[in-house]
Amino acid sequence: MNIQANISQGIQQAFQNIFDHQLELEQISLAPTRKEFEGTYTFVVFPFLKVSKLSPEATASKIGDFLKENIAEVADYNVVKGFLNLVLNELSWLDVFQKLITNPNPGQLPANGQKVMVEYSSPNTNKPLHLGHLRNNFLGYSVAEILKANGYEVIKANLVNDRGIHICKSMVAYLKFGNGETPESSGLKGDHLAGKYYVLFDKEYKKQIDELKSSGQSEEEAKKNAPILLEAQEMLRKWEANDEATVSLWKQMNAWVYAGFDATYKKMGVDFDKFYYESDTYLLGKDIVEEGLAKGVFFKKENGSVWVDLTDEGLDEKLVLRGDGTSVYITQDMGTADLKYKDFQIDKSVYVVGNEQDYHFDVLFKIMQKLGRPYGPGLYHLSYGMVDLPSGKMKSREGTVVDADDLMQEMIETAESHTKELGKIEGFSKEQAEELYEILGLGALKYFLLKVDPKKRMLFNPQESIEFQGNTGPFIQYSHARIASILRKAEQIGVDYSKADFSGVKSLAESESGLIFLLNDFEKKIRQAGEDYAPSILAQYLFDLAKEYNRFYADVPIFNENDTSVLAFRVALSAQTAKTIKKGMSLLGISVPDRM
RNA sequence: GGUCCUGUAGCUCAACUGGAUAGAGCAACUGCCUUCUAAGCAGUAGGUUUCAGGUUCGAGUCCUGACAGGAUCACCA
């Protein structure tokens, strides 16, 4: 069906015929030939010398001869040491291209009947989202879209952390210092309002600690005894006892925060199919503890606390229920895992959570597997590194964060000034121009965060603004806009490339066959990105594709071509590239403009 | 201290999962707008892949041990 498969089969036959040896297709790997050598694909023969019982050169030559004779696409070959470089018939790329353009929806693999849940975002309702959340949200959204493209049915879930001591801290500070302030009266977004009081709490808390210390208490005592902390703890007790005033304040503040989050999510371009709230789930999981005890997966200590022993898995013993029968974090996570399965019968479940929780998820997944959950093997922690600032770690309570709303706004403004500097807003209405700035600013930001391997922690320097040139979102967007311009012109002068009559094409420029090679690779990359949960693979691919197109654009004239079928081919090649870029970028959550 | 992650050009990142002379972008320097958008293209320069061993035809990639940075090891979430 495609060139690579044909060649692989040819190699298989070659081994059968020449060496009387049956090779599995999986054993045959074709690598792209390095630029310094002539050829497209390279087959490394070193691993097969035991079979051929010949020198590397002789082995490679024999296989090369066979392929040249029997496989239409192989025009020639050369051998360097144990490397068999296959030179393809230029025009076989044209066949590949003809097949590619018959696919109306490139990059969409057929449904595989599997359901996967991607949980991401998971905000705390006591503070606004910051740069770290942006990485989380963009990653989660992109992985969800990539899995959809791989044929999964995807449920995007958001587990909102809407209860606990941290929310009570904001509430206490609000009661103390708020004077009835509201988002309306203050002009603050609801999430920023809550965040403000979270910071105020911490200030007051530190002040009280200092006071207690100067009156003779130890640091440890002071931290425990500060009145404002005791108030927050008291408020948590009242909340859990369903105290009317407390719950109503909690609801009020949460409502403000959600309104703020909604606006931020909308700007980010992410969405969710299902929300879970910890205020609903925090009591779940106790029945699983019982089940685990019955099955012998858990055991009880003298004080009544319940543990799981994971020492034979290389981990420790881990508490799953306190001695007083109350839950810990992992108790409710066990319960939530079951709840997700009960709600959606998912085959796989992806948790997009920072790498500081690696150990926690390791434990959680091992427990669910020991309990024999059907979804156990499909649990995956998509762990990502922190985003650090030059000044160090971001801390919400100290106010040393790069706020998500601010950063997105800055990016949009930067995009605006870049665009104006380049004088590229002629013919744009005000609305169109603003839409463009948003597409470009967010594109730059998303690409910046997604092109890096998630595992790596990254340093973000606000002073050195995110680039718009080189390996960036706008570079790829620019390539798309160029093609869109070509396509407009083609339509204007009536070029019909839909018939796919490219009969006049007798040879291909390097950039042309290079483009087809990459376009043909799209599906493979989507598959790889899906298997590895790695948007960065796709980002890298799209950069390569855009680069190759720009090379083509500079090398090969389109409208100066006399032969209409050649002209049609080049327009069709452009159109296919645009389609691929657009689809690929959409899987990263990035839109592409038609003009910029 | 135990466990996990990371370490590649001045900076930010790749390297098709063990393949050839380790590639891109930024920054620096040279060229290219009277032809489809110069947010572009072509080129120059930049490397002991943190270090030391090992495994094999072949190691940035696998193993062992150092070194550096980070995370985690709560009856917190």
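All chains are named by letter (A, B, ...) in the order of the sequence lines, taking the proteins before the strands, and each is independently numbered beginning at 1. Here the structure is a predicted model, which is why all the values come from computation and not from measurement.
Residues forming a side-chain contact (heavy atoms from CB on, under 4.5 Å) with A:Leu25 (at least two apart in sequence, or on another chain): A:Ser8, A:Gln9, A:Gln12, A:Ile28. Checked against ring pair (Phe, Tyr, Trp, His ring centres under 6.0 Å), A:Phe138 has no partners two or more places apart in sequence or in another chain. Every residue meeting the side-chain contact (heavy atoms from CB on, under 4.5 Å) condition with A:Glu413, not counting sequence neighbours, appears here in chain and number order: A:Gln409. In this view, A:Val452 and A:Arg135, A:Lys456, A:Met458 satisfy the side-chain contact (heavy atoms from CB on, under 4.5 Å) rule, not counting sequence neighbours. Partners of A:Lys366 under the salt bridge (Lys or Arg N to Asp or Glu O under 4.0 Å) rule, at least two apart in sequence or in another chain, are A:Asp362. Every residue two or more places apart in sequence or in another chain that forms a side-chain contact (heavy atoms from CB on, under 4.5 Å) with A:Arg595 is listed here: A:Phe428, A:Gln432, A:Arg488.
Per the geometry, CG belonging to A:Leu518 stands 14 Å off P belonging to B:rA24, to the nearest Å. Rounded to whole angstrom, the span from the CD1 atom of A:Ile466 across to the C1' atom of B:rG25 amounts to 15 Å. Rounded to whole angstrom, the span from the CG atom of A:Asn550 across to the P atom of B:rA24 amounts to 15 Å.
Side-chain atoms of A:Thr472 and base atoms of B:rA39 include no donor and acceptor less than 3.5 Å apart. Between the side chain of A:Asn85 and the base of B:rA20 there is at least one donor-acceptor pair of N/O atoms closer than 3.5 Å. The base of B:rA20 sits within donor-acceptor range of the side chain of A:Thr42, with an N or O pair under 3.5 Å.
No salt bridge links A:Arg527 with A:Glu531; every basic N to acidic carboxylate O contact stays at or beyond 4.0 Å. Between A:Arg237 and A:Glu234 there is a salt bridge, since a side-chain N of the basic residue sits under 4.0 Å from a carboxylate O of the acidic one.
We find that the ring of A:Phe83 and the base of B:rA20 stack, their centres lying under 5.5 angstrom apart and their planes tilted less than 30°. Both thresholds, 5.5 Å between centres and 30° between ring planes, are met by A:Phe37 relative to the base of B:rA20, so the two rings are stacked.
Among the atoms of the strands shown, none is found under 4.0 Å from any heavy atom of A:Asp555. Base contact: A:Gly323 has a heavy atom under 4.0 Å from a base atom.
A glycosidic torsion no more than 90° from 0 defines the syn conformation, and B:rU17 adopts it. Syn is the classification of B:rC33, since its glycosidic angle stays within 90° of 0.
A salt bridge (charged side-chain N to carboxylate O under 4.0 Å, His left out) check over residues 303-316 of chain A, counting only residues at least two apart or in different chains, returns the pairs A:Glu313-A:Lys370. Among residues at least two apart or in separate chains, there is no salt bridge (charged side-chain N to carboxylate O under 4.0 Å, His left out) pair with a member in residues 40-60 of chain A. Applying the salt bridge (charged side-chain N to carboxylate O under 4.0 Å, His left out) test to residues at least two apart or on different chains, the pairs with a partner in residues 546-568 of chain A are A:Glu548-A:Arg551, A:Glu561-A:Arg570.
Of the candidate nucleotides B:rU37, B:rA39, B:rC5, B:rU37 has the atom lying nearest to any side-chain atom of A:Ala481.
Of the two residues contacting RNA chain B, namely A:Phe475 and A:Lys35, the nearest-nucleotide position lying further toward the 5' end is that of A:Lys35.
One finds no side-chain N or O of A:Arg527 lying less than 4.0 angstrom from the OP1 or OP2 phosphate oxygen of B:rC16. Checking the phosphate oxygens (OP1, OP2) of B:rU21, no side-chain nitrogen or oxygen of A:Arg34 falls inside 4.0 Å.
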Please list, for nucleotides 9-13 of chain B, all pairs of protein and nucleotide N/O atoms separated by less than 3.5 Å.
none

> For RNA chain B, what dot-bracket results from Watson-Crick or G-U pairs at under 3.5 Å, with [ ] for crossers and | for inter-strand partners?
Replying inline: (((((((..((((.....[...)))).(((((.......))))).....(((((..]....))))))))))))....

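Of the residues in residues 44-51 of chain A, those with a non-hydrogen atom less than 4.0 angstrom from any atom of RNA chain B are A:Val44, A:Phe46, A:Pro47.
Each of A:Asp162, A:Thr125, A:Asn254, A:Asn161 was scored for a side-chain hydrogen bond (donor to acceptor under 3.5 Å, both in side chains) with A:Ser279, with one residue passing: A:Asp162.
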